[in-house]
Amino acid sequence: MAVDILILGAGWTSTFLIPLCQESNITYAASTRSGSGSTIKFEFQPHSDDPEPYKCLPDAKTVLISFPITVSGASERLVRLYVSTRHENTAIPPAFIQLGTTSIWDKAPDALASHGSTFYDRHSPFTLTGRAKAEVELLALSPSVAPTTVLNLAGLWGGQRVVRNWLSRIAPTKDALKSKGSLHLIHGFDLARVILAVHGSFSKAAGQRWLVTDGRVYDWWDLASAWGAAPPDDGPSVWVRELMFEENIRVLPRGAELLGRVLDSRDFWNEFGLAPLRARLETSE
């Protein structure tokens, strides 16, 4: 049976997307490697041209690729094999959304790194990692083969992903904390809204890369100060107090000019007429 959205690789994202699909009366199907629960068993083989595994997948208006692709030629292979094995012939090919990451902007190109604070938007130069190359390949398929788009996502949180729990790993020592600047996030519920917005108006997204955050930049020092152990115990909150004196920082959060990389995601929210609903880390979910 045909569905509106096919989720390839149902994982954390699907725990937010599926309930929103149900609430919005959007039909869906999901695949996993194991085929457990109510999912379809499907494992993407990036080097294989065998169409057989794709025949068990239902026709869909939008295909969400939630796993990373890093092999050259694999993005084109996935799209081609899925399209060629559709059960119903239609003049309108399925559309494809690839979930990516904002880490492709982690290392500022020299042209943009001439000062302390570097603002990036979706048009800024990025590091051409294997994953980014595969995304470029996918975008090149639009519109001749199928409509495609890439959503480069900031840090994902919500549900079992609690940002506060990251602090001990991010800043195990004072020196580690000293080097930390900006943090960008997107909640799973807002990510689900983003995906459904693209699904509903794919012509706005086709052939384009989008940078997706909740529209805010967080300061790791500010978070550590709020979440660290209280004095007199040694820990992040004490380290922040000491660092503020050592670096002559009067208040928190620090200004954008001191945070390093700052991501600008206004294009997506403006284009699709949305605003993030889960931000400022005000909920634990």
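None of the values given here were measured: they were computed from a predicted structure.
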Show the nearest heavy-atom pair for residues [X] and [Y], with the distance to one decimal.
X: D59; Y: R86; result: OD1-NH1, 2.8 Å
X: F42; Y: P53; result: CD1-O, 3.6 Å
X: A29; Y: P58; result: CB-CG, 3.8 Å
X: W157; Y: L185; result: CD1-CB, 3.8 Å
X: K204; Y: E271; result: NZ-O, 3.4 Å
X: D190; Y: L277; result: OD1-N, 2.9 Å

Check the hydrophobic clustering (I, L, V, M, F, W, Y; side-chain heavy atoms under 4.5 Å; chains of links allowed) and say if V71 and L99 are grouped together.
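V71 does not cluster with L99.
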Salt bridge between R261 and D106, side-chain N to carboxylate O under 4.0 Å?
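Salt bridge present between R261 and D106.
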Under-4.0 Å salt bridge between K178 and E246:
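So K178 does not pair with E246 through a salt bridge.
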Do the ring planes of F44 and F67 sit parallel (below 30°), tilted (30 to 60°) or perpendicular (above 60°)?
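F44 and F67: parallel rings.
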Is there a side-chain contact between E247 and W221 (heavy atoms, below 4.5 Å)?
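In contact.
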May I ask you to check whether F126 and Y120 place their ring centers less than 6.0 Å from one another?
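Not under 6.0 Å, so no.
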Using the rule given for side-chain contact (heavy atoms from CB on, under 4.5 Å), can you reason through L141 versus E76, listing the C-alpha separation, both sets of side-chain angles and the distance that settles it, and then say yes or no?
CA-CA 7 Å; L141 301 176; E76 184 275 338; 3.9 Å; yes
Does the pair R77 and D49 meet the rule for a salt bridge (charged side-chain N to carboxylate O under 4.0 Å, His left out), with working shown?
CA-CA 7 Å; R77 190 170 290 117; D49 282 308; 3.0 Å; yes
Strictly distance-based, threshold 3.5 Å: is any side-chain N or O of W12 a donor or acceptor partner for the main-chain N or O of G159?
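Here the side-chain-to-backbone pair does not exist.
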Neighbour count above 12 (heavy atom, 6.0 Å) for I92 CD1
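Not more than 12 within 6.0 Å, no.
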Check against salt bridge (charged side-chain N to carboxylate O under 4.0 Å, His left out), R266 and D264:
CA-CA 6 Å; R266 292 175 297 171; D264 175 359; 2.8 Å; yes
